Every structure is written in C-alpha cells, then in structure tokens.
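The next block holds one structure in the form of structure tokens; read it before the comments.
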Amino acid sequence: MKQAKITAYAKINLVLDVLRKREDGFHEVAMVMQAIDLADTIHLKEAQRNWLHTDNRHIPPNMNNLAMKAVVLMQERFPQVKPLEVTLEKRIPVAAGLAGGSTDCAAVMLGIDKMYNLGLSLGELEALGAELGSDIPFCMGGPTALATGRGEHIEALPHCPALYLVLVKPSFGVSTPKVYGNLRVDERKNHPDVQACIDALHGQDAVKVIDSMGNLLEQSTFELQPEVKALKDDMISAGCSHVLMSGSGPTVFAAFTDEAQAQAYYQNIKNKYPGAIFARTVNQNMLEERVALL
Ligand code: ATP
C-alpha cells in the first residue's frame, strides 16, 4: 500500500506590491515570497475511499478542504491515483496570510506525484496548482521567488540568506477580498521597492533584504482592522525595527538576521502574545526533503 509524508511549509511576503486593478477585477501584484519552516504535516495513504482527518476545527473537514481538492484534481488527471486517506496535522494558523491552505494543496500534489511516479516537472505542477489558487504555484517550488500576475507567475530568485522570524497571528481573521476592495490602488503612495529586494537577494545581503521589506496592503488592512496596526506598533516597540504584515494579514512578523537577537525578542514577546511563533527561512535542502515515501 503506497504511503507518503509531506512537510507543507508556510510562506511570508518579504515584499508585496500591487500595481493596478485589472479589467477582470483581479489585481496585478509583484511579490517576493519566502518559504518558512512553520509547517503542516500531511500523511497520504491508499484507502477504500477519499477521506480527510484533521486536528483543526477551523478548516473544512470535507471535500472543500484544499488538500482534498488537490486529491480529486490529481485523480481526474491521472487515473492511476487510487482513493486516498489524508491526515492533516495543522500548525500553520488559518486565514493568517501565510498560505496555509495553498501549501497543503501543493504538498498533496507533490506527494501524489512522488507516490505514483508521475514524473511531473515543476512547471506542470505549478500549472495544476494554479487551477486551484493563485498562491499554490509558489508553494510547489520556492524557497524564494518573485510572483507576478495574480501571484501565479513564478520566477525563482536567489535563495534568501538565513532570516529568523517571530510571527504573531491575532485571534481574528481578515477577508482578503475586503482588503483588496478597500485598497484603491491608484491613490496609494509609498509602494515598496520590489527591485531593491531582488537586488539584495542577488547580493546575498540579509540586512538589505530586511531593509527592503514592504507591503502595500498593510494600510488597507490597518484601516479595516486597526488592531493589526496596533500589533505592528507594539512589535516595533518591543525592540525590532523590521516588522511587517504578511499577505493581506493579519499575521505580523518581526525579521532578524541574527538568531540570538531573534530568540531574545521571541522570549520577550511570548509573555504578551503566548501564541507567538519562532521560525526560520527554508533552504533548498529542506525543500528537497519535503516528501518522504513510507
Ligand atoms: P493566503 O495567504 O494564501 O491568502 P491564508 O493564509 O490567508 O491564505 P488559509 O489559511 O489558506 O488563508 O485559509 C483561507 C481559507 O481556506 C479559510 O477559509 C479555510 O477555511 C480554507 N481552507 C481550505 N482548506 C484549507 C486548509 N487545508 N488549510 C487552511 N485553510 C483551508
């Protein structure tokens, strides 16, 4: 009986710019995405029928779960894929701006590709993932990439030098469509400098990478949920000058180039925000070892 275990890494946006609203209603974005070692674990096992077990009550326990949508899509395209039992150990906070659902979806597709020796190229996997969501193609590859279009066009970037991160996810969620709806992109000033981040990655300069961080959606989320702005301000006052909201929020992260400093900051922030998470950027080796056949 075929089985696999897959590590599904979360992402943060080091830079998120929105260029314009398109005629089809979507927004044109330019984002530097980075995989981090905060991860869900997914077990796939052949079974009598498709079945999902999950320990998280905030996500759909049925075929609406993105992990199950991935199973069904792969079965439609590749008839050799048998019914699968999916066990999803969720650690990535839900509706957090960390691509939790997208990475589960990508991980299931990667696992099925390996289990059934489908031999799909990264491009083919990205195209399949794009059918289910704009953030999924990035989650297939990484660890560092530029995402453009609606976020589904992926261009690999030099891997980010090691960064140490402290993430805080407020107890409430934010609606991504509402954040984009409130954006009024033509009126926004202070677009982040995507090219500065790309240049810093080419130069492997971690300090310049965190200096270039920016997110055009922050202001829009802050207007809708002032608590997110208050959280960011609080995290800056706690002793970090590089603090940013990820995606459309509401997770806010502090970034450090020095691990000891990040650990000290984490110990301090945990007193006030017990759910705070310590994470590191993912490197190529970790990505290559994501899928284990059992
Ligand atoms: P993104 O950063 O890609 O915008 P997010 O981190 O904000 O995503 P998710 O955690 O992916 O948000 O959750 C978004 C929605 O997807 C939620 O309403 C959730 O119920 C649904 N969902 C479906 N499947 C999953 C899954 N496997 N894990 C998390 N959420 C899922």
Side-chain angles (χ1 to χ4, degrees), residues 6-16 18 26-27 29 31-36 38-44 50-74 84-111 126 129-140 142 145 147 149-152 154 167-181 183 215-218 220-221 224-225 228 244-253 275 277 279:
I6 312 113
T7 305
Y9 292 112
K11 64 85 186 157
I12 54 170
N13 301 90
L14 292 170
V15 183
L16 192 166
V18 185
F26 288 101
H27 286 81
V29 297
M31 313 188 280
V32 178
M33 319 267 276
Q34 175 61 45
I36 61 172
L38 167 65
D40 296 338
T41 304
I42 299 176
H43 296 259
L44 300 178
N50 286 338
W51 185 251
L52 173 75
H53 303 277
T54 177
D55 53 358
N56 187 301
R57 57 192 173 83
H58 301 293
I59 59 171
N62 49 32
M63 301 311 283
N64 287 326
N65 195 291
L66 277 160
M68 296 314 286
K69 288 189 176 175
V71 169
V72 171
L73 182 68
M74 295 301 273
L84 293 173
E85 180 181 305
V86 178
T87 306
L88 176 49
E89 288 169 38
K90 199 81 200 147
R91 284 185 213 92
I92 304 171
V94 176
L98 300 171
S102 302
T103 193
D104 293 344
C105 184
V108 167
M109 290 181 166
L110 287 164
E126 286 175 355
E131 294 185 32
L132 295 176
S134 311
D135 276 350
I136 299 168
F138 167 75
C139 299
M140 294 288 179
R150 281 160 43 195
E152 81 281 28
I154 303 300
L167 296 91
V168 178
K169 151 80 172 66
S171 53
F172 52 86
V174 293
S175 149
T176 302
K178 276 197 187 150
V179 171
Y180 275 99
L183 180 62
N215 182 347
L216 193 78
L217 295 179
E218 267 192 344
S220 176
T221 302
L224 295 168
Q225 295 275 6
V228 184
L244 195 72
M245 185 181 82
S246 186
S248 54
T251 301
V252 178
F253 65 92
I277 295 166

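The structure presented is a predicted model; accordingly, all values stated were derived computationally and were not measured. Whatever order the structure lists them in is the order used to number ligands and atoms, beginning at 1. Computation of the quantities below employed the complete heavy-atom set of this structure, encompassing side-chain atoms and omitting hydrogens, waters and symmetry-equivalent molecules.
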the protein heavy atom lying closest to atom 28 (N) of ligand 1 turns out to be Lys90 NZ, 3.0 Å

Numbered in order shown, the ligand 1 atoms found under 4.0 Å of a heavy atom of Ser102 are 3 (O)

- Task: Answer yes or no: is there a donor N or O on one side and an acceptor on the other, between the side chain of Ser220 and the main chain of Val179, under 3.5 Å?
- Result: yes

In Thr221, Thr176, Asn215, the residue satisfying side chain to side chain donor-acceptor pair (under 3.5 Å) with Ser248 is Thr176

In this structure, atom 3 (O) of ligand 1 is nearest to the protein heavy atom Asp135 OD2, 2.6 Å

- Query: Hey, does the side chain of Thr103 reach the backbone of Tyr9 with a donor-acceptor pair shorter than 3.5 angstrom?
  - Reply: yes

Does any N/O atom on Gly101 come nearer than 3.5 Å to any N/O atom on ligand 1? yes

Determine whether any protein heavy atom is located less than 4.0 Å from atom 1 (P) of ligand 1. yes

Under 4.0 Å from atom 15 (C) of ligand 1, is there at least one protein heavy atom?
no

Taking distance alone, with N or O pairs closer than 3.5 Å, would you say Ser248 contacts ligand 1?
no

of all protein heavy atoms, closest to atom 20 (O) of ligand 1 is Pro60 CD, 3.4 Å

All heavy atoms of Gly97 vs all of Lys11, minimum pair found to be O-NZ, 3.1 Å

Here the pair of heavy atoms bringing Met140 nearest to Gly129 is CE-CA, 4.2 Å

Does ligand 1 come near enough to Ile59 that some N or O of the ligand is less than 3.5 Å from an N or O of the residue? no

Among Leu98, Asn56, Ile42, Thr251, closest by heavy atom to atom 6 (O) of ligand 1 is Leu98

Does ligand 1 come near enough to Asn65 that some N or O of the ligand is less than 3.5 Å from an N or O of the residue? yes

Per-atom filter on ligand 1: closer than 4.0 angstrom to a heavy atom of Leu88 are 27 (N)

In sequence, state the C-alpha distance, the side-chain angles, and the governing distance for Met245 and Leu16, and then conclude on side-chain contact (heavy atoms from CB on, under 4.5 Å).
CA-CA 10 Å; Met245 185 181 82; Leu16 192 166; over 6 Å; no

| task | Please say whether Gly249 places an N or O atom under 3.5 Å from an N or O atom belonging to ligand 1. | result | no

Under 4.0 Å from one or more heavy atoms of Lys11, ligand 1 contributes atoms 2 (O)

Does any N/O atom on Ala67 come nearer than 3.5 Å to any N/O atom on ligand 1?
no

Heavy-atom closest pair (Asn65 atom, Pro60 atom, distance to 0.1 Å) is ND2-O, 2.8 Å

Closest to atom 24 (N) of ligand 1 among protein heavy atoms sits Leu66 N, 3.0 Å

shortest atom 10 (O) of ligand 1-to-protein heavy-atom contact is with Ala95 N, 2.9 Å

Taking every heavy atom of Leu52 against every heavy atom of Pro61, the minimum-distance pair comes out as CD2-C, 3.7 Å

Minimal heavy-atom distance between Ser102 and Leu66, with the atoms involved, is N-CD1, 4.1 Å

In terms of heavy-atom contacts, Ile277 and Pro93 come closest through CD1-CG, 4.0 Å

Near Gly97 (heavy-atom distance under 4.0 Å), the atoms of ligand 1 are 2 (O), 5 (P), 6 (O), 7 (O)

Under 4.0 Å from one or more heavy atoms of His58, ligand 1 contributes atoms 20 (O)

Between Thr251 and the options Ile92, Leu244, Leu98, the side chain to side chain contact (heavy atoms under 4.5 Å, CB included) test singles out Leu98

Begin with the C-alpha distance, continue with both residues' side-chain angles, and end with the deciding distance and a verdict on side-chain contact (heavy atoms from CB on, under 4.5 Å) for Phe138 and Asn13.
-> CA-CA 11 Å; Phe138 167 75; Asn13 301 90; over 6 Å; no

Going by the 4.0 angstrom heavy-atom rule, the piece of Asp104 near ligand 1 is side chain

min-distance protein heavy atom vs atom 19 (C) of ligand 1 -> Val94 CG1, 4.0 Å

task: Could you please spell out the steps behind the side-chain contact (heavy atoms from CB on, under 4.5 Å) verdict for His43 and Glu89?
output: CA-CA 9 Å; His43 296 259; Glu89 288 169 38; 3.4 Å; yes

